Amino acid sequence: MKSGLHFLLAAKCCEIAELQQLTLTAELVDASARLVHELQRERGMSNLYLGSAGQRFGAERLAQVAQTAHAEQALRQHFDQLDTQATQLRQGARLFARIAYVLHGLAALPALRQQVGRGAWLPAQATAAYTRLIAGLLAVIFEAADTASDPAISRLLVGFFNFMQSKELAGQERATGSALFASGQADDAGQQRLTYLIESQERALEVFAQFAPGEAVALWQRSDDPNTRAALERMRRMLGATVAGGALNPELSQRWFDTCTERMEAMKAVEDHLSKDLRALCHQRREHLGQELQALDQVPTSVLPVGLDFFDATPDGSPSPGLPLGTQLQHSVLELVQAQAQRLQAMSAELDTTRASLNERKLVERAKGLLMAQRQLSEAQAHKTLRQLAMNQNRRLVDVAEAVLALADLTTGTVHPHTDAATHK
């Protein structure tokens, strides 16, 4: 008959297996972040090229395509290492579906580059295409954060994801501003888009500061150079203040791109730091659990707690004074069992708190998508509508998003997936 020790050992083995999977996930996140960075640069180069009607940045764009291809190959190798037979992986179906979507996007990337090279697309079309692929890669990281079963790792992943999201929004700002300057003319849609992107960056950075380790937050605060930010703010005001249809100086396109790039390179350094922290944390947790497992393997089954010995512990869980050696050993094993149960309970509570942030994001994104589909709004307009409703009603953005989705359920008579996201962490 299997004893309590057998199941305690099994629990430790399960945790170690989960951490092994998380270690692979950490490497996947790192490779995804590197490809996102290269795609962001390629998107910016493409906008400069298209905005100048193919007169500038052609050689730079082709050089960046080669860099992106190298990062893509590295990510594909990580995809190949994933165990697609791991059907018990939490949220495995969602994670694998996201990866399948990304692979389809990567397969279409050469055709996108051909369209850009021929000048067949407008800058806005190219921006949207690259952004769709990058969003797919960020969704992989989002699902990776949702699969983490260790609270510390989950928190780090949530912080990491939101920092990457802020950097991606900064990349979209770089691409949008590059196209405006390169074209030599301001337009209302581009200006509205820039306002949305700037505000969204700051919100994502707030979540990053809430969940990321203090050292990473401090690194970003040191890296966010005030001179770069001041130069960026001056050009932001120039883009925003110019009347729609008014002239912009095309010569400023390079300065805008370089200034945005300088800030994004600083953000990349923070991403690298977060990635290193993630891998180190996975390694530390695996080592710690391995030591616990080794200690349990050395415990003889003859000292397992039996009978009324279970009730001999003091209120704080320590053995009663004066117990014989054998009983002390029994209580040592009992303490391990109790500690394991308490730790898993604490982990569960902390994971619920961390995943609440991810679920809130899902609700807001679904509500935006609903408004975009029903009212034919852009993403910026949909977000502005939700934010205005939240301000008017003095409610949190996520509460308004949930109400919008609930109203859609009532009017259509259907039940959408947001219900589960809101009630089941």
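Small disclaimer: the values here were computed from a predicted structure and weren't measured. Just the heavy atoms: all of them, side chains too, but no hydrogens, waters or symmetry mates, feed the values below.
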Test log, rule side chain to side chain contact (heavy atoms under 4.5 Å, CB included), inputs Leu281 and Asp277: CA-CA 6 Å; Leu281 183 56; Asp277 280 354; over 6 Å; no
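- Residues Gln115 and Trp121 share a closest heavy-atom pair of NE2-NE1, 2.9 Å.
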Stepwise side chain to side chain donor-acceptor pair (under 3.5 Å) check, Arg43 with Thr127: CA-CA 6 Å; Arg43 177 180 56 195; Thr127 296; 6.0 Å; no
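- When side chains are defined from C-beta on, Leu109 counts as touching Tyr130, because their heavy atoms get closer than 4.5 Å.
- Judged by distance alone, with hydrogens and angles left aside, the side-chain atoms of Gln185 form no donor-acceptor pair with the main-chain N or O of Leu248 at under 3.5 Å.
- Among residue pairs with one or both ends in residues 101-113, those qualifying as side-chain hydrogen bond (donor to acceptor under 3.5 Å, both in side chains) are Glu42-Arg113; sequence neighbours excluded.
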Side chain to side chain donor-acceptor pair (under 3.5 Å) between Arg279 and Ser275, intermediate numbers included: CA-CA 6 Å; Arg279 295 194 302 272; Ser275 181; 2.7 Å; yes
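- When Ile99, Leu35, Leu28 are each tested for a side chain to side chain contact (heavy atoms under 4.5 Å, CB included) with His78, only one passes: Leu28.
- Side-chain contact between Val102 and Phe79: present, with at least one pair of heavy atoms (C-beta onward) separated by less than 4.5 Å.
- Here side-chain hydrogen bond (donor to acceptor under 3.5 Å, both in side chains) pairs that include residues 221-231, with residues two or more places apart or in two chains, are Asp224-Arg229, Asp225-Thr228, Thr228-Glu262.
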Stepwise salt bridge (charged side-chain N to carboxylate O under 4.0 Å, His left out) check, Arg34 with Glu38: CA-CA 6 Å; Arg34 293 181 186 280; Glu38 300 301 340; over 6 Å; no
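- Closest approach of Gly51 to Pro123, counting heavy atoms only: N-CG, 4.0 Å.
- Residues Arg76 and Leu103 have side chains in contact (heavy-atom distance under 4.5 Å, counting atoms from C-beta outward).
- Annotation: side chain of Thr385 is in contact with side chain of Arg375 (closest heavy-atom distance under 4.5 Å).
- Only one option out of Gln165, Glu168, Glu173 pairs with Gln201 in a side chain to side chain contact (heavy atoms under 4.5 Å, CB included); it is Glu173.
- Ser200 and Arg203 form a side-chain donor-acceptor contact under 3.5 Å, judged by distance and modelled atom types alone.
- Proximity of His273 to Glu215: side-chain heavy atoms (C-beta onward) are separated by under 4.5 Å at one or more points.
- The two atoms that bring Ala244 and Asp188 nearest to each other are CB-N, 3.8 Å, heavy atoms only.
- At most 12 heavy atoms of other shown residues, nucleotides or ligands fall within 6.0 angstrom of atom CZ in Arg255.
- Looking at every heavy atom in both residues, Ala182 comes nearest to Ser52 through CB-N, 4.0 Å.
- With rounding to the nearest 0.5 Å, the separation of CZ in Arg41 from CD in Glu265 is 5.5 Å.
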CA sep, side-chain torsions, deciding dist, call: Gln40, Lys167, side chain to side chain donor-acceptor pair (under 3.5 Å): CA-CA 9 Å; Gln40 287 167 340; Lys167 178 168 168 284; 2.6 Å; yes
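- Here CZ of Arg234 is found 8.5 Å from OG1 of Thr259. Values are rounded to the nearest 0.5 Å.
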Check against side chain to side chain contact (heavy atoms under 4.5 Å, CB included), Leu39 and Leu137: CA-CA 10 Å; Leu39 282 168; Leu137 285 161; 3.6 Å; yes
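- For Phe208 and Trp220, the ring centers sit 6.0 Å or farther from each other.
- Separating the CZ atom in Phe181 from the CH2 atom in Trp256 is a distance of 6.5 Å, to the nearest 0.5 Å.
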Verdict with supporting geometry, Asp258 and Gln254, side chain to side chain donor-acceptor pair (under 3.5 Å): CA-CA 6 Å; Asp258 291 344; Gln254 184 68 63; 2.9 Å; yes
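- Among all heavy-atom pairs drawn from Ser166 and Leu205, the shortest one is OG-CG, 3.3 Å.
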Trace of the side chain to side chain contact (heavy atoms under 4.5 Å, CB included) decision for Lys384 with Gln192: CA-CA 10 Å; Lys384 183 178 180 180; Gln192 289 186 22; over 6 Å; no
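- Under 3.5 Å, the side chains of Gln172 and Arg193 contain a donor-acceptor pair of N or O atoms.
- Going from atom CG of Leu75 over to atom NE2 of His70 covers 12.0 Å, rounded to the nearest 0.5 Å.
- The CD atom of Gln125 lies 13.0 Å from the OG atom of Ser46; values are rounded to the nearest 0.5 Å.
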CA sep, side-chain torsions, deciding dist, call: Cys260, Leu232, side chain to side chain contact (heavy atoms under 4.5 Å, CB included): CA-CA 7 Å; Cys260 291; Leu232 181 62; 3.7 Å; yes
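- For the pair Leu252/Met238, a side-chain contact is recorded, criterion being any heavy-atom separation below 4.5 Å from C-beta on.
- Judged purely by distance below 3.5 Å, without hydrogens or angles, the side chains of Gln64 and Glu60 never pair a donor atom with an acceptor atom.
- Pro250 approaches Arg56 most closely through the heavy-atom pair O-NH1, 3.7 Å.
- The CG atom of Leu106 sits 11.0 Å away from atom CG of Leu112, with the distance rounded to the nearest 0.5 Å.
- Put simply, the side chain of Ile141 does not reach to within 4.5 Å of the side chain of Phe160, judged on heavy atoms.
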